[in-house]
Amino acid sequence: SRALLPDYLRRRAQDARDVADAVAAGRYDVVSFIGGKMADTGVAYGLPQLSEIGGKLDVAGKKREGSVVLSQLRRLQDLLAAVDESEEEA
């Protein structure tokens, strides 16, 4: 799965943009769907933190908790940036 990681990270970066757009539009169903997808896949790529964030996005989307979505979105963006930097060094 290591060879697939860069593509996976690009897709999650797009998910982060999609979550930002969805919460701005009040589309919490989209937030929940994207979060659930991340929760299911992060561990498989060696990113348990991504699964945790995805799970929290899923729940926050279902509860329509915009502030929680935004805080998890920041965590996601920070995580993606950190993983990207470590990939470039590898």
Side-chain angles (χ1 to χ4, degrees):
S1 70
R2 199 79 184 148
L4 301 175
L5 189 59
D7 188 49
Y8 179 77
L9 293 173
R10 277 191 293 279
R11 290 193 310 271
R12 299 302 67 85
Q14 181 60 54
D15 283 346
R17 291 186 291 274
D18 292 345
V19 165
D21 291 345
V23 77
R27 293 291 314 271
Y28 289 95
D29 58 318
V30 173
V31 172
S32 182
F33 175 78
I34 292 171
K37 187 171 54 172
M38 277 190 247
D40 292 343
T41 60
V43 171
Y45 285 88
L47 299 168
Q49 311 95 315
L50 188 66
S51 288
E52 177 195 342
I53 293 167
K56 289 181 178 183
L57 283 170
D58 183 14
V59 171
K62 288 176 178 159
K63 293 182 176 182
R64 302 182 65 82
E65 295 176 327
S67 63
V68 175
V69 171
L70 293 176
S71 71
Q72 293 306 309
L73 180 58
R74 282 189 295 276
R75 285 186 66 209
L76 173 59
Q77 292 164 334
D78 291 347
L79 174 64
L80 291 173
V83 171
D84 189 50
E85 286 177 13
S86 70
E87 281 298 300
E88 287 175 6
E89 293 170 5

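Everything quoted here is computed from the prediction, not taken from an experiment. Quick note: numbers below take in every heavy atom, side chains included, and nothing from hydrogens, waters or symmetry partners.
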Practice item. Report the residues that fulfil salt bridge (Lys or Arg N to Asp or Glu O under 4.0 Å) with Arg17, sequence neighbours left out, ordered by chain and then residue number. Key: none
Point to revise | Pairwise side-chain contact, Val68 with Val59, heavy-atom cut-off 4.5 Å (strictly under) | key: no
Revision key, fill the gap. Sequence neighbours excluded, the answer for salt bridge (Lys or Arg N to Asp or Glu O under 4.0 Å) partners of Glu52 is Lys56, Arg75
Check your understanding: For Pro48 and Val43, which heavy atoms make the closest approach, and how far apart are they?
Key -> CA-CG2, 3.9 Å
Review point. Can you tell me how far the CG atom of Leu79 sits from the CD atom of Gln72, to the nearest 0.5 Å?
Key: 11.0 Å
Revision key, fill the gap. When rounded to the nearest 0.5 Å, the distance separating CG of Leu80 from CZ of Arg10 is 12.5 Å
Check your understanding: To the nearest 0.5 Å, what is the distance between CD (Gln77) and CD1 (Ile53)?
Key -> 10.0 Å
Revision key, fill the gap. Hits for side-chain contact (heavy atoms from CB on, under 4.5 Å) against Ser32, two or more places apart or cross-chain, chain-then-number order -> Asp58, Lys62
Exercise for review: Please tell me if the side chains of Val19 and Leu76 come closer than 4.5 Å, counting only heavy atoms from C-beta onward.
Suggested key: no
For residues 33-42, tabulate all N or O donor-acceptor pairs below 3.5 Å that involve a side-chain atom, not counting sequence neighbours.
unit_1	atom_1	unit_2	atom_2	d
Thr41	OG1	Tyr8	OH	2.7
Thr41	OG1	Lys37	O	3.1

Review point. Less than 4.5 Å apart, any side-chain heavy atom of Leu47 and any of Leu5?
Key: yes
Point to revise | Arg27: side-chain hydrogen bond (donor to acceptor under 3.5 Å, both in side chains) partners, not counting sequence neighbours | key: Asp29
Check your understanding: When rounded to the nearest 0.5 angstrom, what is the spacing between CG in Asp15 and CG in Leu73?
Key -> 10.5 Å
Check your understanding: What residues, two or more places apart in sequence or in another chain, satisfy side-chain contact (heavy atoms from CB on, under 4.5 Å) together with Val23?
Key -> Tyr28, Val31, Val69, Leu70
